[in-house]
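Heads up: the structure comes next, in C-alpha cells.
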Amino acid sequence: MEVMMTKEVVNCPSCAQKLRVPIDRGEILVTCRECSLKWMFTPEVVPNNDKDKSKEDTNWKSWLGKTTRKLTGSSATVEITELEGCEPGAVAKLTVNVTAAEFALSIKGLKLHIMCEEIVALPWVSVRNHVGNTPENQDAVNQLANSDQYRRSEPTYNSTLRLSQSFALGANETRQFKSLIPIPQSALPSFQGRYITNQWRIRAVAETSDLVDARSEWLVLTVL
C-alpha cells in the first residue's frame, strides 16, 4: 500500500532555508523559521489522501488527473481589470472575465484574493558589509540591494471575497462579473519609498472540479 506524502520541501525565497510545507491545504501563508520571511505558498498538485488505493490505481488516477486538467482548469483563463482607483474606506470597481477555451467546463465558484504587503529593503550597510565598501564594488552593491536576498515582505492585510457561486461555461464562452471591493478604513495608502514599499494586490480565482484552479495574474491596486 502506497502512502501519499502531504508535505513538500521548499526553499525560503530569502535565505534558502529548507522548510516542510503541507500541500493538502491549498494556498497558505508560510513563515520561515530562520529569517521570519512570510509569503503565500501555492502547491502545484494536491495529494490524493486515500491510503487504501493500490499503486496501480494511484498511477491511473494520476494520468486521469493530468488529462482532466487539459479539459478543465488549463483550458480556462481569468482576467481582472481595475476600473478606477480607490481610497481607505471606499471601494474599487473591478471587472473579472472568465473564459473557457475549446471545452465546456463547470466552475464551482469565483473568488477574489486581496492582499496588502509591506516590503522592506535592508539597510545599505548590510549589503556593503557583504561585498565590501569600495568604489569598484558599487555596481554589485546596487544589484544586491535590489535583490530578494536583501528584501523582506510582510502581509499586513489578507482577505478573500466570494464573487460568484457555481456556473457553467460553454466552449469559447466568456462570462463577465463586476464587483465592488471594499478597502478598509485603516488601510495604508500605496507608496514607494527608498527602503519601504506598501503594495496592494488583488487576483481572481475560478474554482474548477480539477486539482488546479484557474487564476488571474496579480493586479496591483493604487490606494490613494
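If you read the sequence from its start, that first residue is 1, and numbering goes on from there.
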Just how far is it from atom [atom1] of [X] to atom [atom2] of [Y], taken to the nearest 0.5 Å?
{"X": "Cys116", "Y": "Gln199", "atom1": "SG", "atom2": "CD", "answer": "8.5 Å"}
{"X": "Glu79", "Y": "Arg203", "atom1": "CD", "atom2": "CZ", "answer": "15.5 Å"}
{"X": "Leu163", "Y": "Thr160", "atom1": "CG", "atom2": "OG1", "answer": "12.5 Å"}
{"X": "Asp213", "Y": "Thr208", "atom1": "CG", "atom2": "OG1", "answer": "5.0 Å"}

Practice task
May I ask you to say whether Arg201 pairs ionically with Glu117, meaning some side-chain N is under 4.0 Å from a carboxylate O?
Solution key: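 Between Glu117 and Arg201 there is a salt bridge, with a charged N closer than 4.0 Å to a carboxylate O.
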
Would you say the side-chain atoms of [X] pair up with the backbone N or O of [Y], donor to acceptor, closer than 3.5 Å?
{"X": "Asn198", "Y": "Leu188", "result": "yes"}
{"X": "Ser216", "Y": "Ala204", "result": "yes"}
{"X": "Thr99", "Y": "Thr77", "result": "no"}
{"X": "Asn158", "Y": "Met115", "result": "no"}

Practice task
Could you state whether Ile28 and Leu19 fall into the same hydrophobic cluster, counting links through intermediate Ile, Leu, Val, Met, Phe, Trp or Tyr residues with side-chain heavy atoms under 4.5 angstrom apart?
Solution key: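 In one cluster with Ile28: Leu19, yes.
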
Exercise for the section: Report whether Ile119 and Phe41 are members of the same hydrophobic cluster (ILVMFWY, side-chain heavy atoms less than 4.5 Å apart, transitive linking). Expected result: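 Each belongs to a different hydrophobic cluster.
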
What are the two closest non-hydrogen atoms of [X] and [Y], and how far apart are they?
{"X": "Ile181", "Y": "Ser179", "result": "CD1-OG, 3.3 Å"}
{"X": "Phe191", "Y": "Ile196", "result": "CE1-O, 3.6 Å"}
{"X": "Ala187", "Y": "Pro88", "result": "O-CG, 3.2 Å"}
{"X": "Ala171", "Y": "Glu102", "result": "CB-O, 3.6 Å"}
{"X": "Leu221", "Y": "Ser190", "result": "O-OG, 3.4 Å"}

Handout entry: Side-chain H-bond candidate by donor/acceptor type, Lys178 with Thr95, under 3.5 Å
Key =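 Their side chains do contain a donor-acceptor pair, which is all the 3.5 Å distance test asks for.
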
Exercise for the section: Any chance you could lay out the side-chain hydrogen bond (donor to acceptor under 3.5 Å, both in side chains) test for Gln192 and Thr197, step after step, and finish with the verdict? Expected result: CA-CA 5 Å; Gln192 174 68 62; Thr197 301; 2.8 Å; yes

Practice task
Count the heavy atoms belonging to other residues, nucleotides or ligands that lie under 6.0 Å from CD of Gln176, then report whether that count exceeds 12.
Solution key: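 Above 12, so yes.
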
Practice task
I would like to know whether Glu207 and Lys111 meet salt bridge (Lys or Arg N to Asp or Glu O under 4.0 Å); could you show each step before the answer?
Solution key: CA-CA 8 Å; Glu207 302 169 302; Lys111 59 186 179 182; 3.4 Å; yes

Practice task
Show the numbers, then the answer: is there a side chain to side chain contact (heavy atoms under 4.5 Å, CB included) between Phe177 and Val98?
Solution key: CA-CA 8 Å; Phe177 301 86; Val98 184; 4.2 Å; yes

Handout entry: Close side-chain approach of Arg175 and Leu169, heavy atoms under 4.5 Å
Key =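 Yes - at least one pair of side-chain heavy atoms lies under 4.5 Å apart.
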
Problem - side-chain contact (heavy atoms from CB on, under 4.5 Å) partner of Val96, the single match among Ile202, Leu110, Val205 - result: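 Option passing the side-chain contact (heavy atoms from CB on, under 4.5 Å) with Val96: Leu110.
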
Practice task
Show your reasoning for whether salt bridge (Lys or Arg N to Asp or Glu O under 4.0 Å) applies to Arg20 and Glu8.
Solution key: CA-CA 5 Å; Arg20 289 176 59 84; Glu8 179 180 341; over 6 Å; no

Exercise for the section: Run the numbers on Lys93 and Leu180 for side chain to side chain contact (heavy atoms under 4.5 Å, CB included), then give the verdict. Expected result: CA-CA 5 Å; Lys93 294 182 179 180; Leu180 299 177; 3.3 Å; yes

Problem - Residue pair Gln17, Arg33: steps toward the side chain to side chain contact (heavy atoms under 4.5 Å, CB included) verdict - result: CA-CA 8 Å; Gln17 172 69 36; Arg33 62 175 179 271; 3.1 Å; yes

Practice task
Could you walk me through whether Leu94 and Ile80 pass side chain to side chain contact (heavy atoms under 4.5 Å, CB included), step by step?
Solution key: CA-CA 7 Å; Leu94 298 171; Ile80 184 170; 4.0 Å; yes

